[in-house]
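Here is how names work: the chains are called A, B, and so on, in the same order as the sequence lines, proteins then strands, and each is numbered from 1.
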There are 2 protein chains.
Amino acid sequence: MTASINDVARAAGVSASTVSRALRGRPGVSDEVRDQIKAVAAQLGYTASRSASSLASGRTFTIGVLVPYVGRWFFGTVLDAAEQVFSAAGYDVLLYNLGSPETRKRFFTRLPVRKRVDAVLTLLIPEEEESAALRSLGVPLATTVGGARPGFTVVGIDDRAGTENAVRHLVNLGHRRIGMISGSSGPLHWTTPIDRRNAYLDVLADAGIAHDPALEADGDYTVEGGERAMTELLAVSRPPTAVFAQSDEMAMGALRALRRHRLRVPEDVSVIGFDDHELADVVGLTTVAQPVADQGAEAARLLLRQLDELGAEPPGQVRMPIRLVLRETTAPPSPRGPQ
Amino acid sequence: MTASINDVARAAGVSASTVSRALRGRPGVSDEVRDQIKAVAAQLGYTASRSASSLASGRTFTIGVLVPYVGRWFFGTVLDAAEQVFSAAGYDVLLYNLGSPETRKRFFTRLPVRKRVDAVLTLLIPEEEESAALRSLGVPLATTVGGARPGFTVVGIDDRAGTENAVRHLVNLGHRRIGMISGSSGPLHWTTPIDRRNAYLDVLADAGIAHDPALEADGDYTVEGGERAMTELLAVSRPPTAVFAQSDEMAMGALRALRRHRLRVPEDVSVIGFDDHELADVVGLTTVAQPVADQGAEAARLLLRQLDELGAEPPGQVRMPIRLVLRETTAPPSPRGPQ
DNA sequence: CCTTGTTGCGCAAGCGTTTGCGTTCAGATT
DNA sequence: AATCTGAACGCAAACGCTTGCGCAACAAGG
């Protein structure tokens, strides 16, 4: 049996309430008594039971974090950074990996975080019904992906601007047949793929390039999907000379497909990604960099601030900077075209 | 205010105890009453408060997972798989990201999981003192890394065999100057780097190759570290013609260094990694594959089994299979050697 | 010397469950 | 008809904290 607050109280010759106040730095305890209690507690190896204290106080000092796939670089990185901020502030994080539709549904119907967390950070886009469920928790909410949603603090990037940078870069290099590997699939209504697609279309229009629907393929935001998509794009009658992939992982898949087809990058086909994945540099991928870890950390900080200032800070919206990172997968189109 | 058990009891015209028993499937409730209670609970959107129920029952239905760096592929993947198993069994996971020495120390001294989790899965190697702290929690313990440790169920691979496969592959190709990028650093006494190093030395000895200490460099298990290490190896008077990196991430760093030095892979230098990182295929890296996600899932399953069978199942030790994956970064040494 | 504050601490009532035990009551057993 | 037996359910006591309130004791102000 580990020590309870009463054991500490007895050993220190005071009441349990005094122990509670002393250990949590609340007023109403003289310094001498406080020090003595701390000493006794340390000596007994006492730590307050979280269950008991949250039951009594209503505060849990726990943050729920919802992630679609912990294993994917983007989410893992965001989570990592957010966790650091939370734990530095004394909060624990309860992780929910909601990749599959079943676990996701189960989560939102049973809502296991009810009365268990002080706030929720979600890295997946809740549908309308789901965000209503989250709001019903009555705790601060934040997200690092997708667009604005009532009740959520969102920290993100300017997807349109990022995409414009990328596509314009290809245009400036002289490309006219510019393909896109998107990630529109999934039941998640996520504004990112849409924003990026619109920006892509806009840049093409701006440059006076007619849009060819055959030059768009779905890559599902995975490496394999990117590979499949690139393969599709290579199969059309006049393949693209350059491809914009909505994520680095898909871009890498595209790279793999190109290698399989014995096509050189960037001589035959240029490829540009999005994210600046930690390994983008290894493969020399040109991409649009976004501060992934920073977004997680910032979202966490905003959440904590809402927790501190009880004066319900209205959920804000912050945009992080993006920048084009030129590496070795983009170049002017070859005069011969890919063959 | 969300509904409490008493609200449900009142609405259903029964006592709170009956509600508790009904909802948790315990005997002592007639089927009709049970169904009716379930209906009422669903209608009220009632979920039992975890804090209250764990305070009362002692069970938390929560697993603590300790990870050094969530953002790294290996750990993220293990965590992902483990979480799925846990959540499918109705357990939540409390995540602790213990990468930095400070957070790590804080965790082990304050032990915030005390009375908060039913079991612990650690993806970092606790030092003697730390594992004693974990054992003091009195809950089942498991790990997916490092060697045997009293009180821990460990799921892992045969590091020696994996390394032997890798190094022998290089030897068989005809290499004689075989470098190694290791990851011995860190305060974690981790048997993996040591096992792998020993196996490396053994294979060299077996092949009658004299060991050259200048051909070993520390890559810190990161991409950047691998790049640095490779750079060091290239600076010695007679650089290696092949390099075994103890992780794919370091191998990728090495690839980057080689590209910077305008050295071709595998023509000038062969590189082999370890792990079969999800992007190893993209860069064509030859490597030793280990079932990463499976290890996480298996460890989680073993933990759950210990939780179910109260008959204290003695902690076991399971070894998962490894296999050599030949891709494009290894080849026989060039007659000229790297220049 | 008697108020009026402070300060430091203990009392006890929760917080929302779980669970051992007691009670009730219908049906089975003598 | 009297007794026994379960099954089904309610009572109330934990579980280990937090916190509003009350009560000394003591300092300062009149």
Side-chain angles (χ1 to χ4, degrees), chain A residues 1-38 40-41 44-62 110-118 137-138, chain B residues 1-38 40-41 44-62 90 110-118 138:
Chain A
M1 270 301 102
T2 62
S4 88
I5 197 174
N6 290 304
D7 300 329
V8 179
R10 207 170 308 125
V14 296
S15 75
S17 10
T18 302
V19 173
S20 174
R21 285 188 268 257
L23 261 24
R24 298 182 317 139
R26 309 243 107 157
V29 185
S30 69
D31 289 347
E32 312 121 80
V33 174
R34 188 185 300 271
D35 290 345
Q36 210 248 325
I37 290 176
K38 278 186 180 165
V40 171
L44 261 52
Y46 168 76
T47 311
S49 149
R50 287 280 189 136
S51 317
S53 80
S54 39
L55 178 56
S57 69
R59 304 257 348 224
T60 66
F61 281 97
T62 301
R110 310 200 19 186
L111 225 46
V113 290
R114 170 188 312 239
K115 281 275 173 195
R116 250 204 126 178
V117 297
D118 291 340
L137 294 172
Chain B
M1 268 303 103
T2 63
S4 87
I5 198 174
N6 290 302
D7 300 329
V8 179
R10 206 170 309 124
V14 296
S15 75
S17 10
T18 302
V19 174
S20 174
R21 284 187 269 256
L23 261 25
R24 298 182 317 138
R26 311 241 104 157
V29 184
S30 69
D31 289 346
E32 312 121 81
V33 174
R34 189 185 300 270
D35 290 345
Q36 211 248 325
I37 290 178
K38 279 187 180 165
V40 171
L44 260 51
Y46 168 77
T47 311
S49 150
R50 286 280 188 134
S51 316
S53 81
S54 36
L55 177 57
S57 69
R59 303 254 352 222
T60 65
F61 281 97
T62 301
R110 309 198 21 185
L111 226 46
V113 290
R114 171 189 312 240
K115 282 274 171 196
R116 251 202 125 180
V117 297
D118 291 339

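When rounded to the nearest whole Å, the span between CZ of B:Arg10 and P of C:dG16 equals 12 Å. Atoms CZ (B:Arg116) and C1' (D:dG16) sit 14 Å apart, rounded to a whole Å. Atom CG in B:Leu23 sits about 14 Å away from atom P in C:dT19, given to the nearest Å. Look at CD on B:Glu32: it is 8 Å from P on D:dC9, rounded to the nearest Å. If you take CD of B:Gln36 and P of D:dA8, they are 16 Å apart, rounded to a whole angstrom. One interatomic measurement links the two molecules: CG of B:Leu55 to P of C:dT17, which rounds to 12 Å at whole-angstrom precision. As a whole-Å value, the separation of B:Asp31 CG from D:dA7 P is 13 Å. Remark: P of C:dG8 and CD1 of A:Ile37 are 13 Å apart, rounded to the nearest angstrom.
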Protein-nucleotides 17-19 of chain D N/O pairs under 3.5 Å:
unit_1	atom_1	unit_2	atom_2	d
D:dC17	OP1	A:Tyr46	OH	3.0
D:dC17	OP2	A:Ile5	N	2.7
D:dC17	O5'	A:Tyr46	OH	3.0
D:dT18	OP1	A:Arg24	NE	3.4
D:dT18	OP2	A:Ser20	OG	2.3
D:dT19	OP2	A:Arg24	NH2	2.9
D:dT19	OP2	A:Arg26	NH1	3.4

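In this structure, A:Arg110 and B:Thr47 have side chains that are not in contact, with every pair of non-hydrogen atoms separated by 4.5 Å or more. Between A:Thr60 and B:Arg50, the closest side-chain pair of non-hydrogen atoms is not below 4.5 Å.
Within the structure, a side-chain polar atom (N or O) of B:Ser30 is placed less than 4.0 Å from OP1 or OP2 of D:dC9.
Using a 4.0 Å cut-off between charged nitrogen and carboxylate oxygen, A:Arg10 and A:Asp7 count as a salt-bridge pair.
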